[in-house]
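As structure tokens, the structure follows; a few thoughts come after it.
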Amino acid sequence: MKLEIAVLSGDGIGPEVTAQAIKALEAIMHRFDHTFTFKEALVGAIAIDKTGNPLPDETLELCANMDAVLFGAIGDPKYDNNPSASIRPEQGLLRLRKELGLYANIRPVKAYETLLDKSPLKREIIEGTDISIYRELTGGIYFGKKHLNEAGTVASDLCEYSQEEIERISHLAFKAAQKRRKKLTLVDKANVLESSRLWRKVVTEIAKDYKDINVDFLFVDNAAMQMILNPSQFDVILTENMFGDIISDEASVIGGSIGLLASASVGDTCCMFEPIHGSYPQATGKGIANPIAAILSAAMLLEHFDLMDEAQAIKDGVEKALELNITTPDLNNSNPLTTEKVGDFIYDYILNPEDSNMNFENIHVGQSTII
């Protein structure tokens, strides 16, 4: 298969972890005889610094004309710590999602057996957790009308959803549940919010077309509690934009590191894949950023194009790295490896799964596993 991929590495650790995701895709090219072309573009703080725009028109045009987008991270302290800044890096990401029509954000959350003791939650609570969160991405309070009075003392943000916006992501979530454990949980606040009551009404109606799916409803406050008390009860979680943002970040602690969580943002014609973590500016250039979320995002990219064996090859490499403790300081504080070395191991494992297991010690002495 031939794929053209836009690469938006962004800020902070974005370029470092994205480089390892590209490395994994290059290994897939060699092993499975595909052709992937990568074209880089600016986004975020670096784009503001160079062009004055967090999402230059050239970047948007490139993304719209490529098969997929591989995204890193955005954010910089000089903007993050200045709430009065009129131009901000996150504006570029929000606009990109909106312009490309990326209305569904998919975030897998998995408790890896080899990392159960790394989580701040007890092993018996998180064991067996395997969740897929479907977050609506282009509607709701983040995109609603915003108002600040002249005195700057009263502010409002409108949360608005249409039936069509709810329907299109709901069908995706129900179809995903059919391929998993056939359970879907809608997370809302229907006891208080009119927009949530519309969500519940629409999802209840759609559920009639998916009679094999067990549908559950939870208020977001209860869902947040259940995520800590018993996360393995969840299969597919469907929710609106802000609730999904909060719930998925809460779920990130289950696996022991936010550096493990990948995501896909898809629409009818475009798709983007990114780790859910931020730009982590304190770690920039230190080689300590966990690249696994970015690498697993590359696996989700392959799954989107039905390259399931190829995606599994990346996942196998990640599983082996975790099994052998070939990880960065967030997961291995006694003998950590660098961002690049973790990427090197996974690259080698994809190409030579038998040899990499035998020769992984070479990683620790600064050599490539396969020579």
Side-chain angles (χ1 to χ4, degrees), residues 104-116 119 121-137 166-188 190 199-200 202-220 222-240 243-256 260-266 273 276 292-293 296-297 299-304 306-309 311-312 314-316 318-319 322:
N105 182 241
I106 306 157
R107 295 188 175 187
V109 178
K110 181 177 180 180
Y112 291 94
E113 183 66 30
T114 54
L115 296 179
L116 292 179
S119 174
L121 301 179
K122 294 179 180 179
R123 166 185 284 265
E124 57 268 27
I125 290 178
I126 64 171
E127 195 164 18
T129 298
D130 184 359
I131 308 169
S132 187
I133 300 174
Y134 275 69
R135 167 194 171 191
E136 202 289 325
L137 202 58
I166 299 168
E167 285 176 341
R168 61 188 183 181
I169 187 172
S170 295
H171 282 293
L172 290 180
F174 272 99
K175 289 174 182 175
Q178 287 181 319
K179 297 177 181 178
R180 291 170 53 89
R181 302 193 305 277
K182 301 186 184 304
K183 180 181 179 182
L184 182 144
T185 302
L186 175 67
V187 172
D188 61 26
W199 269 87
R200 191 168 289 209
V202 172
V203 169
T204 299
E205 190 64 29
I206 289 174
K208 297 176 182 177
D209 296 329
Y210 299 90
K211 298 186 184 301
D212 57 330
I213 303 302
N214 178 26
V215 181
D216 193 15
F217 301 94
L218 283 182
F219 296 145
V220 64
N222 187 22
M225 181 174 65
Q226 294 299 322
M227 188 69 72
I228 300 302
L229 292 176
N230 182 20
S232 63
Q233 70 181 282
F234 297 109
D235 181 17
V236 172
I237 291 177
L238 170 63
T239 191
E240 59 100 71
F243 296 161
D245 192 2
I246 296 168
I247 286 288
S248 57
D249 279 3
E250 180 193 17
S252 71
V253 306
I254 292 172
L260 297 173
L261 295 188
S263 76
S265 299
V266 303
F273 305 87
I276 78 162
I292 287 179
L296 288 174
S297 296
M300 294 187 77
L301 185 157
L302 296 172
E303 288 176 333
H304 182 79
D306 291 323
L307 300 176
M308 307 308 289
D309 291 341
Q312 190 60 49
I314 289 182
K315 292 179 183 179
D316 290 344
V318 168
E319 292 268 11
L322 295 176

What closest approach, in Å, do [X] and [Y] show between heavy atoms, and which atom pair accounts for it?
{"X": "I133", "Y": "A251", "value": "CD1-CB, 4.3 Å"}
{"X": "W199", "Y": "L186", "value": "CE3-CD1, 3.8 Å"}
{"X": "S132", "Y": "I106", "value": "OG-CG2, 3.7 Å"}
{"X": "I254", "Y": "A111", "value": "CG2-CB, 4.2 Å"}
{"X": "A190", "Y": "D188", "value": "N-OD1, 3.3 Å"}
{"X": "A311", "Y": "A299", "value": "CB-O, 3.4 Å"}

Just wondering, do [Y] and [X] contact through their side chains at under 4.5 Å, heavy atoms?
{"X": "L322", "Y": "L260", "answer": "yes"}
{"X": "D316", "Y": "Q312", "answer": "yes"}
{"X": "V220", "Y": "T239", "answer": "no"}
{"X": "F219", "Y": "V187", "answer": "no"}
{"X": "V215", "Y": "T204", "answer": "no"}
{"X": "R123", "Y": "E113", "answer": "yes"}
{"X": "I213", "Y": "Q178", "answer": "yes"}
{"X": "F174", "Y": "V203", "answer": "yes"}

Which residues pass the salt bridge (charged side-chain N to carboxylate O under 4.0 Å, His left out) test with [X], not counting sequence neighbours?
{"X": "R168", "value": "none"}
{"X": "E127", "value": "none"}
{"X": "E205", "value": "K208"}
{"X": "K182", "value": "D212"}

Sequence neighbours excluded, which residues qualify as side chain to side chain donor-acceptor pair (under 3.5 Å) partners of Y210?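 Listed in chain order: H171.
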Would you give the length of the straight line joining atom CG of L307 to atom CG of L302, rounded to the nearest 0.5 angstrom?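 Answer for the CG-CG pair, L307 versus L302, is 5.5 Å.
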Could you state the interatomic distance from CG (D245) to CD (E136), rounded to the nearest 0.5 Å? 12.0 Å
Which is it for I169 and L137 under the side chain to side chain contact (heavy atoms under 4.5 Å, CB included) test, yes or no, and what are the steps along the way? CA-CA 9 Å; I169 187 172; L137 202 58; over 6 Å; no
What residues form a side chain to side chain contact (heavy atoms under 4.5 Å, CB included) with K122, not counting sequence neighbours?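 Testing K122 for side chain to side chain contact (heavy atoms under 4.5 Å, CB included), a comparison that skips the adjacent residues, returns E124, I125.
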Has [X] got a side-chain atom pairing as donor or acceptor with [Y]'s backbone, closer than 3.5 angstrom?
{"X": "K183", "Y": "Q233", "answer": "yes"}
{"X": "R181", "Y": "D130", "answer": "yes"}
{"X": "S119", "Y": "L116", "answer": "no"}

Strictly below 4.0 Å, N to O, side chains only: are D235 and R180 in salt-bridge contact? yes
Check the pair S263, R107 against side chain to side chain donor-acceptor pair (under 3.5 Å), reporting the backbone distance first and the verdict last. CA-CA 5 Å; S263 76; R107 295 188 175 187; 4.8 Å; no
Could you go through the side chain to side chain contact (heavy atoms under 4.5 Å, CB included) check for Y134 and V236 one step at a time? CA-CA 7 Å; Y134 275 69; V236 172; 4.0 Å; yes
For I237 and M227, run side chain to side chain contact (heavy atoms under 4.5 Å, CB included): C-alpha distance rounded to whole Å, both residues' side-chain angles, the deciding distance at 0.1 Å, then the answer. CA-CA 11 Å; I237 291 177; M227 188 69 72; 3.6 Å; yes
